[in-house]
Student: 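One structure, pasted below without further comment.
Values reported hereafter were calculated over all heavy atoms of this structure, with side chains retained and with hydrogens, waters and symmetry mates removed.
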Amino acid sequence: MRRFLRPGHDPVRERLKRDLFQFNKTVEHGFPHQPSALGYSPFLRLMAIGTRSGAIKLYGAPGVEFMGLHEENNTVMQIHFIPDQCQLVTLLDDNSLHLWSLKQQGGTSELREEHRFTLKGPPGSPPSATQVTAVLPHSSREVLYLGTESGNIFVVELPSFRVLEDRTITPEAVLQRIPEDNCNRRSCELVEALREHPKNPDQILIGYSRGLIVLWDLQNNKATHHFLGSQQLENLFWQRDGSKFISCHYDGSYSQWPVSSDNRQSEPLENTVPYGPFPCKAISKIYWQTTKNGLPYIIFQGGMPRASYGDRHSISVIHGSQQTAFDFTSRVIDFFIIFSSDPAAEFDDPSALVVLAEEELVVIDLKSAGWPAVHPPYLASLHCSAITCSHHVSNIPLKLWERIISAGSKQNIHYSSMPWPIDGGTNIAPDPPQRDLLLTGHEDGTVRFWDASGVCLHLLYKLSTVRVFLTDADPNDNMNTLGEDEWPPLRKVGTFDPYSDDPRLGIQKIYLCKYSGYLAVAGTAGQVLVMELNDEDAEHVVDHAEADLLQDQEGYRWKGHEKLKTRDGPVQFEAGFQPFVLVQCQPPAVVTSLALHSEWKLVAFGTSHGFGLFDHQQKRLVFVKCTLHPSDQLALEGPLSRVKSLKKSLRQSFRRIRRSRVSSRKRRGGGGNASEVQEANAKFDQDVLQEMELAPVQRKIEARSAEDSFTGFVRTLYFADTFLRDSSRHCPSLWAGTNGGTVYAFCLRVPPAERRMDEPVRAEQAKEIQLMHRAPVVGILVLDGRSTPLPEPLEVAHDLSKSPDMQGSHQLLVVSEEQFKVFTLPKVSSKLKLKLTALEGCRVRKVTVANFGSCKTDDYSENDLAVLTNLGDIQIISLPFLKLQIRYPCIRKEDVSGIASCVFTKYGQGFYLISPSEFERFSLSTKWLVEPRCIVDVPEVTSNNHVHKSGTENAARKS
Amino acid sequence: EFRRFSLERSKPGKFEEFYGLLQHVHKIPNVDVLVGYTDIHGDLLPINNDDNYHKAVSTANPLLRIFIQRKEDADYSAFGTDTVTRKKNVLSNVLRPDNHRKKPHIVISMPQDFRPVSSIIDVDILPETHRRVRLYKYGTDKPLGFYIRDGSSVRVTPHGLEKVPGIFISRLVPGGLAQSTGLLAVNDEVLEVNGIEVSGKSLDQVTDMMIANSRNLIITVRPANQRNNVVRNSRTSGSSGQSTESSLPSSTPNILGNLLQGEEESDEEDIIIEDSGEPQQIPKAAPASESIESLSQIELLHESTQNGFLPSSEMNLNHSTGSISMEYEVQEPGRKSLEEDGTIITL
């Protein structure tokens, strides 16, 4: 009997669960962590980015995205698209080659790995013999030329990766036709670059590292020309007509070489060191782009004067008298130019420069005057300042959406109006079902508003709270101002700026009311700002109020940071969210919880000392409540002062270990041999390991007590209109939950709208619940008479929710890190509970009510709890009976920052950080699924293209 | 009947005199009675010798409430911890008479004289190499007082001997509950926490489970020192044999149910303060008609485990583990079912 009654054995419910819940990781938003390679196909108009963890991501028109992962998780070194094909080849740092292709299946394209291959030399040959340094996919699409460290160029057939041994170009064969006095065997070590002749596919240009460049005839298997540079070669580039090529060098110079029909060794036409005469850094890549007006664009990476600007990450663009050295915020991984891909066109006519830097993607419009940057629709650098918190708001009303976009567009005037130039593929995903906003708070005091409705996470608007405060670095003194005659002509581009002026500015909590446009933002130094959306620029005074959370408690000394100094007088604010009141918590500890009720015009905030309620209509503090336990010294003294010092001492001891290790190495390195040093190091490592084993990690088993630290830490705040005192009258109430398992309930009296400014808001403590297990309270929720969670403020007023049932009795759900408990209201008696930790050993980290719709029938939906545990599992728990519905592993349990960053949406989706710069989006719902669905068609031009190519081939043969 | 009289706190005298005084005050000179008092925790504790008599007097503040029961119809189970919750269970048993278990009170010594702080349970269903220990945190001021660590143990698997990760007790805090029981020792391997296997769980997970169960912690260990194990005279001698057999092959669900139920019994209730009044325990809500289905479901689960399996327990009056087996051997078969909450080490 019991078996049948047990949850999880009801076949009807099981079927319904399948229609409601489904777990998918759908798309990664943001900028790939540690990018390592870049590729571009002018034919498909798709860009590919490889990362150090072996991921490969393809991007085209907004919404067109593909992702692949190499099994090996090795760094992607190079990416090459096969000309005129939906295929690409990647080279990893383990010297393996991988062929990927985009195949259509079931109406969408998919990226799949087709083959893998590692070049093998003859037995006994050194690994360098087959270490691939340069890859050239030939325009015939049949073969791949692989330049190696040994100077050999291997030819492999595609797609089979069969080595065509008889076609290998050996250094010996190359040297045959070159006078011996200039070159020897060593000249042909390490192939640096392989370039196919733009007009004649039978000729390839081979550049060797030591400066020798050879034009090789594939038909006759011989070198037709050779060019001897005096400097170490970095890269080569053919001019469009094939009459000249450019080489760039390690010393920061580039040379232009003519390819004449006679066989003599050529001298360079021009040899320039653009940022000379002092020693310069290498130019690692160069483009020479022709234009109709005759003035070429010369675009190169690097070449800066070594001594004074050697640390800059620059790409220079020279066009006639115009010259700019774009100065990037992080190391440049690679770049490419988007130019006319029509092979019949006479000129390159470059339109955009696409640069992949380590931390962001920058696209420069080369057609508009001043070369402005283009605002990318994807690959946003989420981490341009470190993310400190996030907040998701579903289903934004159109009005608010448009106002945010309009505020944002005023901030983006310096961007180019050019349409996004990488526009391959077609996005066939249905339009997003609703407008969703993801708000991220950052360390530098900014809040960024992202369009999270679809596959492309796109920045709509950026809000800065810094203006309210006086900081050391005044935003007015621009440190980047450069004089007119500054040389080199550096220009900063990009938004990545991980350095915060003042860590106290950091945003910790965000709450946006989508109906009223009220926004509350709270930060690290106890600052709480309430803002209103204004479509115009405005200058006004921000009202200040202080909330002394320690109240009459005496004898405490705050040893943490000071509060932020505020600016006196009126402050100029740009259109958008403008703060009108600042509530400063005292002591200025980090704000740990925040709630806003836009209908009652109240904002509640909590820190490790207590919580307070502020009436932002009357700009008056309603009450404060100190939650501190008298013995909790730690919370009083400052932000984790003791914890920090422990961390610090750990760090110091590690540093000490490292230092001693280095010094021992040095000491021995002087006289002894290498193996001895290694031995010593190994022994040291072993000692350290042994030491660790001797003192294993221990965990204390002790029941929580009221005297534990940080019990007063306010974890959650919640407004509810419910039955707090008796079952006949309901009233507004504020609920707060602490780290020590205490729940406080305050009865509020909010004056009716017509007397709202005349009478004060009153509050009175009605209840205090102490959970005996004393685990931190992470969520509080009131269920109405139908057991439905109470609607959000103004939701009913906007006809977006049924009014709550005030007839039946309400229930209170308290979620602690360990248990879920339902109590009756107004008399608090325990009704139901689910003990999570006692049974599974996991703890609740995040909890939200989510609405799940059935994928089978449109009219069925239900509310459940979406829970993320400290083990990274996601659990769905039914309301109001608290039955575990389903569990999915989602985040690795070691990924603490990923778990901490997770946000759920109201409709069963969620986001978490997989790296400082990337959000993974997941869905728990069968109905609401945002994932890329796109098609890449092979463009029609293929056949023409081919005809053209073979035409030139014939022409070349004739000549 | 209520009587009020005074005593000299500094010179309470001997228990015998006090006993006589009580008989005199109540005018029951020839009736055998049990004497008890309520301590500061609200628990009913016995007075039957000089020591606990002196203790009782010393806790009077200034009033000492003393209860006297006729020895023949005394309710032994009224003594000890969890008086309130246990009474509730009695009530529920009355409400469902068919579930009511008869507990014959065969008294060997006076276990009620003591407050249980730990016990060994489920001896008849566990392998001899294992020990299931229950620690009662409630009612003592002692910290649980132990630490756990990661480690590895050797198991016999189908692929031969294998080294598998395990959780071990790494330290006992002097004066802590764990150490004072003598039932746990450093390097004991932790196998289960409140009926849930720890294999495959991380140290932090097991820590969280133990802390979540800290009010009524049941740990199954494989003692590092296997010489003090319980020696079983006969496997079937247990009165709980009726269910033992069925539960032996895969006893987990039963054990789980039993432990859950046990936990439910001693689980402390949350406290509510209404309108800044006095703190009160939060009562259990009577099942409302709309949710009766779900609630009865839960209760059914408990009942069936109650009926299906009775845990046994043992006496441990002595701190030395050597004496455990001694105690066991003198026990009568019928004993085990009655001492469900086991025993016993005093304050």
Side-chain angles (χ1 to χ4, degrees), chain A residues 1-2 5-7 696-705 725 741-745 747 764-775 787 808-809 811 814 817-819 821-824 826-833 835-843 870-871 880-883 893, chain B residues 137 143-151 168-171 173 176 178 193-196 198 201-215 217 256 260 263 267-276 279 282-288 290-291 294-298 300-301 304-305:
Chain A
M1 189 60 192
R2 176 174 115 224
L5 282 169
R6 270 187 154 176
V697 186
Q698 297 194 101
R699 293 282 182 277
K700 189 178 184 180
I701 307 299
E702 205 46 75
R704 282 192 202 83
S705 78
R725 285 259 166 79
T742 312
V743 175
Y744 300 93
C747 196
E764 200 181 338
Q765 180 161 344
K767 291 186 195 311
E768 180 180 332
I769 301 169
Q770 176 61 55
L771 302 176
M772 279 324 282
H773 65 287
R774 295 189 185 276
S787 294
S809 55
Q811 297 172 71
V814 177
E817 283 190 0
E818 295 185 352
Q819 298 185 6
K821 279 193 151 172
V822 174
F823 299 95
T824 57
K827 181 162 170 45
V828 176
S829 38
S830 70
K831 197 168 171 184
L832 264 181
K833 72 177 155 201
K835 290 186 167 189
L836 187 71
T837 311
L839 297 176
E840 297 184 33
C842 58
R843 307 166 67 87
N870 66 334
L871 303 180
F881 296 124
L882 303 180
K883 297 254 187 295
K893 70 170 180 240
Chain B
K137 168 78 179 95
L144 283 169
F146 65 101
Y147 289 74
I148 56 171
R149 63 164 170 93
D150 277 319
F168 294 84
I169 293 174
S170 61
R171 190 155 92 81
V173 178
V193 175
N194 288 50
I196 292 157
V198 304
K201 290 196 159 63
S202 69
L203 182 65
D204 288 331
Q205 251 176 301
V206 178
T207 307
D208 284 340
M209 283 169 70
M210 287 188 173
I211 290 174
N213 288 305
S214 57
R215 308 244 148 210
L217 186 59
L256 186 74
L260 277 175
E263 183 188 37
D267 194 18
E268 272 184 78
E269 289 306 332
D270 304 328
I271 288 172
I272 176 137
I273 305 172
E274 299 261 1
D275 296 338
S276 341
I282 295 180
K284 273 237 165 64
E290 73 225 50
S291 61
S294 76
L295 280 175
S296 59
Q297 210 168 303
I298 293 166
L300 268 174
L301 198 107
S304 50
T305 54

Student: State the CZ-NZ distance between Phe146(B) and Lys700(A), to the nearest 0.5 angstrom.
Tutor: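 The CZ atom of Phe146(B) sits 11.5 Å away from the NZ atom of Lys700(A).
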Student: For Thr207(B), which residues count as a side chain to side chain contact (heavy atoms under 4.5 Å, CB included) partner, sequence neighbours excluded?
Tutor: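 Arg699(A), Ile701(A), Ile148(B), Leu203(B), Ile211(B).
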Student: For the candidates His773(A), Arg774(A), Arg725(A), which exhibits the highest count of non-hydrogen atom pairs separated by less than 4.5 Å from chain B?
Tutor: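 Option with the greatest count: Arg725(A).
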Student: Report which part of Glu818(A) has an atom under 4.5 Å of a heavy atom belonging to chain B: side chain, backbone, both, or neither.
Tutor: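 It is the side chain, since no backbone atom gets that close.
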Student: Tell me, for Glu817(A) versus chain B, whether the close heavy atoms (under 4.5 Å) come from the side chain, the backbone, both or neither.
Tutor: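 Contact with chain B: none, neither part.
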Student: Please report the closest heavy-atom contact between Ala703(A) and Ser214(B), naming both atoms and the distance.
Tutor: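 Heavy-atom minimum between the residues: CB-OG, 3.3 Å.
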Student: Ile272(B) and side-chain contact (heavy atoms from CB on, under 4.5 Å): which partner among Gln770(A), Lys767(A), Lys827(A)?
Tutor: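 Of the listed residues Gln770(A), Lys767(A), Lys827(A), the side-chain contact (heavy atoms from CB on, under 4.5 Å) partner of Ile272(B) is Lys767(A).
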Student: Atom OG1 of Thr837(A) and atom CD of Gln205(B): how far apart are they, to the nearest 0.5 Å?
Tutor: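 Rounded to the nearest 0.5 Å, the OG1-CD separation comes out at 10.0 Å.
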Student: Roughly how far, to the nearest 0.5 Å, is the CZ atom of Phe168(B) from the CD atom of Gln698(A)?
Tutor: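 It is 13.5 Å, given to the nearest 0.5 Å.
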Student: Return yes if some donor-acceptor pair links the side-chain N/O of Glu768(A) with the main-chain N/O of Glu274(B) below 3.5 Å, else return no.
Tutor: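 Looks like no, no N/O pair under 3.5 Å.
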Student: How far apart are the closest heavy atoms of Met209(B) and Gly841(A), and which atoms are they?
Tutor: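 Closest pair (atom of Met209(B), atom of Gly841(A), distance): CG-CA, 3.0 Å.
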Student: Please report the closest heavy-atom contact between Gly145(B) and Glu702(A), naming both atoms and the distance.
Tutor: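 Nearest pair, atom of Gly145(B) first, then Glu702(A): N-OE1, 2.8 Å.
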Student: One thing to verify: whether Asp270(B) and Lys821(A) come together as a salt bridge, which I'm taking to mean a side-chain N less than 4.0 angstrom from a carboxylate O.
Tutor: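 Salt bridge between Lys821(A) and Asp270(B), a charged N being under 4.0 Å from a carboxylate O: yes.
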Student: Got a sec, which residues hit ring pair (Phe, Tyr, Trp, His ring centres under 6.0 Å) with Tyr744(A), two or more places apart in sequence or on another chain?
Tutor: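 Result, ring pair (Phe, Tyr, Trp, His ring centres under 6.0 Å) vs Tyr744(A): Phe611(A).
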Student: At a 4.5 Å cut-off on heavy atoms, which part of Leu836(A) comes close to chain B: side chain, backbone, both, or neither?
Tutor: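 For Leu836(A), there is no contact with chain B at all, as no heavy atom is under 4.5 Å.
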